[in-house]
Amino acid sequence: MSDEQRAELDTITHNILTSYARHEISQRIGEVFLPSRQRIVEILGEVRQILFPGYFGHKELTQENIKFHVGNLLSRLEQSLGEQIYHCLCYAEGGEDTEPCREKAARIARGFLVQIPHIRALLALDVQAAYDGDPAAKSIDEIVYSYPGYHAVTVYRVAHELLSQSVPLMPRIMSEHAHSVTGADIHPGARIGKNFFIDHATGVVVGETTRIGDNVKIYQGVTLGALSFPKDERGRVIKGLQRHPTIEDDVTIYANATILGGETVIGRGATIGGNTFVTESVEPGATVVPNAPSLEVRSREKDG
Amino acid sequence: MSDEQRAELDTITHNILTSYARHEISQRIGEVFLPSRQRIVEILGEVRQILFPGYFGHKELTQENIKFHVGNLLSRLEQSLGEQIYHCLCYAEGGEDTEPCREKAARIARGFLVQIPHIRALLALDVQAAYDGDPAAKSIDEIVYSYPGYHAVTVYRVAHELLSQSVPLMPRIMSEHAHSVTGADIHPGARIGKNFFIDHATGVVVGETTRIGDNVKIYQGVTLGALSFPKDERGRVIKGLQRHPTIEDDVTIYANATILGGETVIGRGATIGGNTFVTESVEPGATVVPNAPSLEVRSREKDG
Amino acid sequence: MSDEQRAELDTITHNILTSYARHEISQRIGEVFLPSRQRIVEILGEVRQILFPGYFGHKELTQENIKFHVGNLLSRLEQSLGEQIYHCLCYAEGGEDTEPCREKAARIARGFLVQIPHIRALLALDVQAAYDGDPAAKSIDEIVYSYPGYHAVTVYRVAHELLSQSVPLMPRIMSEHAHSVTGADIHPGARIGKNFFIDHATGVVVGETTRIGDNVKIYQGVTLGALSFPKDERGRVIKGLQRHPTIEDDVTIYANATILGGETVIGRGATIGGNTFVTESVEPGATVVPNAPSLEVRSREKDG
């Protein structure tokens, strides 16, 4: 590199540093460091090993070695989960009070381990719902091992538990990881009942304040979203209100339906057809079907 | 860790073990172990290196070294593919008859290698169809190297071949991996003709019993899915029937169209408009267009 | 392996080599080698570290070490970016004129570094737009760290800069990588104004010749695509025309709307409802709403 080029590189460095000072919004220099996304993704992997023994991680499990195996996994998970929860709490409080944070983090990590059998019980129902609801499913194993919808629901149930224990940032990092891998974006704040099945998964969005009952089945591309947001005097949306729909028990929602609004209730046993746009409540047992598209018959043109 | 905490952790471990016994559906303790998802994904990578020499893997290929290079890759692939097919067969038969399984696996792996030129011939047509059909494509290389739709079709053609040789589990693991990477979920059981092109790919679903002719082009978000499922006396769907549409030659299906049902036939040369919901057959040469959305002109409100 | 099996493997190898000769379209034997996709993805990671210090990569940054840290990153990035740009140029020119290529590549890499503060300024506005527009966003950090839409826009702004400096292949490889990770497919050729926000991101497609103004917000599943393509006498689409819509300032487009055509202009301040299919221009301030779906109330059937 010539002297001139080196000087130019110094100028570039200087300008970038100036940009950090000018646009503080997207830099974290001299601040408490963020929890590690990569470690949080690894934690999800460890949780999956405990939830589904013999599927993920060590495979040659027997009734003899399983106790030792799980004990080991739990110790490691408690450690790594506690560490990252600590960073999340610490981050949320701006780096103050590190000792109470550390104790609180350990308590929450332990509390999460206690909930694992409960999460497993829910996931056992979910996998059965997937098997019963999908004629293409050849076995339970295929679902646990490779269905993106089931993976997304698994991560949701884990992230929802952590959110309910008031862990900041981590639940959302988990759910966005699952979103990237599965195409389904389920906010950890949503409340979802038993026997939930998402088929194909790509493009599904379940918003933060959505409520879903038992035995609900949704297909790819379904959005349960917000309709509009009350704004404050500065024109910014007010956060924290119920903005997403309520889906009662036994509802099926077909591909690419968009259901919006915090006051929208899809009644028990209703069926929502594909490609519909629903912003009003639907009676229990009703079926919403899209208008038939127009059919235009043309003499066939030679293509090329 | 205090004694009390240690005792608590023992209780947690115990409860998780109890949960394994109670919900056997999602554990595989003491069972034949599953084939390795990671190894199967690696096999896909090796297959791609053979299908597209010079694109993936070793790049400095010449007419001199190519024979040696391919011979090497084939030996390794036959080994690793045979090994994982063996685990798949073994798994499907519950661990019985390991020697016949091993021989059968070797036979299938060899049979797959034999089909590679045939798969390449199909993929050469597919890449040309992509180039001809997409004005944004600057070169064939760009498509092979980076188009998700082409990647999804590649994995489909490989997985379909393995499924047709009755390999359990592996084809679905391959297609769900491609689904995760590309956003397109093509079931390996679908039958797809020549010159197939999926543009953009995200959200595409092609169901297990779909039949697609030659020269078909589909866009992002298109679902070729099931309409409803006959159920048995326990209310569970009956598996194995034709549930997905038939798409004849020369059909184009635009973004986010949903076409459902095993008796739905989209006739030769038809065009299906975007965001339509089609559950009945369409005549050859016809064009299905969505109903025009309503236009409501409001005085512009100041936003914020 | 028996002699017979070995002979068979030789035949298979021979047939694959023959297939390379027959279908040259998908092999690159004896050609200039392609730039490395993996290295280009790593470059994106390095760029992110410079754009968002303290979020990605090294985290314990202070006002003291930041200058040294950035200087270091820039040197490395200039090196690796220059190297891959060189391969892209070399590839595009078929391997000729390597020395001028190398100099040109170095010049472009340097030119990209110069633009970093400008890119940061745009991204600072984009993150604020995301925060203001999404009630579920708890902090700016959450958006930078985990929002797929923001990630896609970040990669777009980087890839667009490289494309505007006429780098072949690399911008598309970057955008398809972001597409795979985020579900949003933004062509690097699109022109996008300030304060751009994509919520949820999965299934979004923004075509090559799209123009988007300031303060535009789009939701998951939105397509800004081409309607049809003029074809040449051989029936192949003509490349290079304006094929995608123009979206003026202050427009909001809801989930799964499909807007097509190079002459389609969505006027300033318009709102496009979800699941609509729009192929004609929309007046400024207008609202396009989907037709209400049909409601069919059935006596509730017992499901199973």
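Chain A is the first sequence line, chain B the second, and so forth, proteins listed ahead of strands; every chain is numbered from 1.
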ask   = Could you go step by step and tell me if A/S26 and C/L51 meet the side chain to side chain contact (heavy atoms under 4.5 Å, CB included) rule?
value = CA-CA 8 Å; A/S26 50; C/L51 291 173; over 6 Å; no

key: Proximal component of A/Q38, with respect to chain C [non-hydrogen, under 4.5 Å]   = neither

task = Go through the atoms of A/E280 and report whether side chain, backbone, both or neither lie under 4.5 Å from a heavy atom of chain C.
result = neither

message = Under 4.5 Å from any heavy atom of chain C, what part of A/L17 do you find: side chain, backbone, both or neither?
response = side chain

Residue A/Q27 versus chain C: region with a heavy atom under 4.5 Å = both

remark   = Within residues 174-186 of chain C, the residues sitting under 4.5 Å from chain A by heavy atom, in sequence order, are C/S180, C/V181

task = Pick one of side chain, backbone, both or neither for C/E64, based on which atoms fall under 4.5 Å of a heavy atom in chain A.
result = neither

ask   = In terms of heavy-atom pairs under 4.5 Å with chain C, which of A/I173, A/T13, A/V205 leads?
value = A/V205

ask   = Got a salt bridge between A/D214 and A/K194, using NZ or NE/NH1/NH2 to carboxylate O under 4.0 Å?
value = no

C/K138 bridged to A/E208 by N-O distance under 4.0 Å = yes

side-chain contact (heavy atoms from CB on, under 4.5 Å) partner of A/Y219, the single match among A/T252, A/N256, A/T202, A/I272 = A/T252

Verdict with supporting geometry, C/Y254 and A/T223, side chain to side chain contact (heavy atoms under 4.5 Å, CB included) = CA-CA 11 Å; C/Y254 285 99; A/T223 289; over 6 Å; no

key: Region of A/V289 in contact with chain C, defined by heavy-atom distances below 4.5 Å   = both

ask   = With only heavy atoms counted, which part of C/L113 is less than 4.5 Å from chain A, the side chain, the backbone, both or neither?
value = both

query = C/Y150: what forms a ring-ring contact (aromatic ring centres under 6.0 Å, His included) with it, not counting sequence neighbours?
reply = C/F52

